[in-house]
Amino acid sequence: MAEGDKGSFLAIYQTHYHALFCYGFSLSVDRELTKDCIQELFVEIWNTRPSLNTEVKNVRSYLFTWLRRKISRELTRLSKESAFNEAAEESDGIQASYEELLIAFQQSDEKKEQLRSALAKLTKKQLEIVKLKFFENLSYRAIATQKSLTPRTVYNTIYESIRQLRESMKLLLIQLII
């Protein structure tokens, strides 16, 4: 495929499309956005094929990572666009009252505090790996090298950390409701 074999490229596409769609749909419930990102991913792969890493052992994982980053960038772009449009609408019409702004800031502070509380429940190892992955944007392999772990151990640690964070955030939300 890296040498321009269209049959190999088509085989990769056909083999992984369904799994990529299911994974992408779990990241963004927008079917069209998911389909568009998958199409763009394969266009980028074809256009950059001469410079792709030909020593990739797990093509599926490689494609999943590429798709996750693509969807993440697209969602970020869309949220910025949405925030910009909302801000433009607000500036054209009614200005938010002081009370509304205060409530918005307090809610933001509460969410930050909830996240800090949930992060505090992670082990030191989990917290270090989460910071490296999500705050320093290191790859699983780079984290594994830095921490003298296997990439699979890093992946499992991230997975378990996210599961714990979700559970902690749910509990905090329930406590706030009660």
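Separation of atoms NZ (K131) and CD1 (I129) is listed at 12.5 Å; rounding is to 0.5 Å. In this structure, CD1 in I71 is found 4.5 Å from OG1 in T34, a value given to the nearest 0.5 Å. Expressed to the nearest 0.5 Å, how far CZ of R60 lies from CG of L67 amounts to 12.0 Å. In this structure, CG on L119 lies 6.0 Å from CG on L127, to the nearest 0.5 angstrom. Within the model, atoms OG of S72 and CZ of R77 stand 12.5 Å from one another, a figure rounded to the nearest 0.5 Å. Here the CD atom belonging to E40 is positioned 8.5 Å from the CG atom belonging to L33, to the nearest 0.5 angstrom.
Under a 3.5 Å cut-off, the side chain of Q126 and the backbone N or O of T123 do form a donor-acceptor pair. Remark: side-chain polar atoms of T153 are not paired, donor with acceptor, to backbone N or O of L149 under 3.5 angstrom. Remark: side-chain polar atoms of T15 are not paired, donor with acceptor, to backbone N or O of I12 under 3.5 angstrom.
For R31 and F25, the positive end sits near the middle of the six-membered ring, less than 6.0 Å away and at most 45° from its axis.
Checking T48 against S51 by side-chain atom types alone, no donor-acceptor pair falls below 3.5 Å. Under the 3.5 Å distance criterion, with hydrogens and angles disregarded, a donor-acceptor pair is assigned to the side chains of S8 and D5.
Applying the 6.0 Å contact sphere to CZ of F21 captures more than 12 heavy atoms from other residues, nucleotides or ligands.
Inter-residue side-chain proximity for I45 and L63 is flagged as met; some heavy-atom pair is nearer than 4.5 Å. A heavy-atom distance below 4.5 Å is not found between the side chains of V154 and K147. At a threshold of 4.5 Å between non-hydrogen side-chain atoms, the residues K35 and Y17 count as touching. Considering only heavy atoms from C-beta on, Y23 comes within 4.5 Å of R68 through its side chain. Taking the side chain as every heavy atom from C-beta outward, R163 and E160 approach each other to under 4.5 Å.
The two atoms that bring A144 and T150 nearest to each other are CB-C, 3.7 Å, heavy atoms only. Nearest heavy-atom pair across L138 and K133 is O-CD, 3.3 Å. When every heavy atom of S139 is checked against every heavy atom of R69, the shortest pair comes out as CB-NH2, 4.4 Å. The two residues K70 and L41 make their nearest non-hydrogen contact at CE-N, 3.7 Å.
Classified by interplanar angle (parallel below 30°, tilted 30° to 60°, perpendicular above 60°), the ring pair Y13/F42 is perpendicular.
Taking R152 as the reference, nothing meets the side-chain hydrogen bond (donor to acceptor under 3.5 Å, both in side chains) condition, with sequence neighbours excluded.
In this structure, L10 is not a member of the same hydrophobic cluster as W46, with clusters built from ILVMFWY side-chain heavy atoms closer than 4.5 Å.
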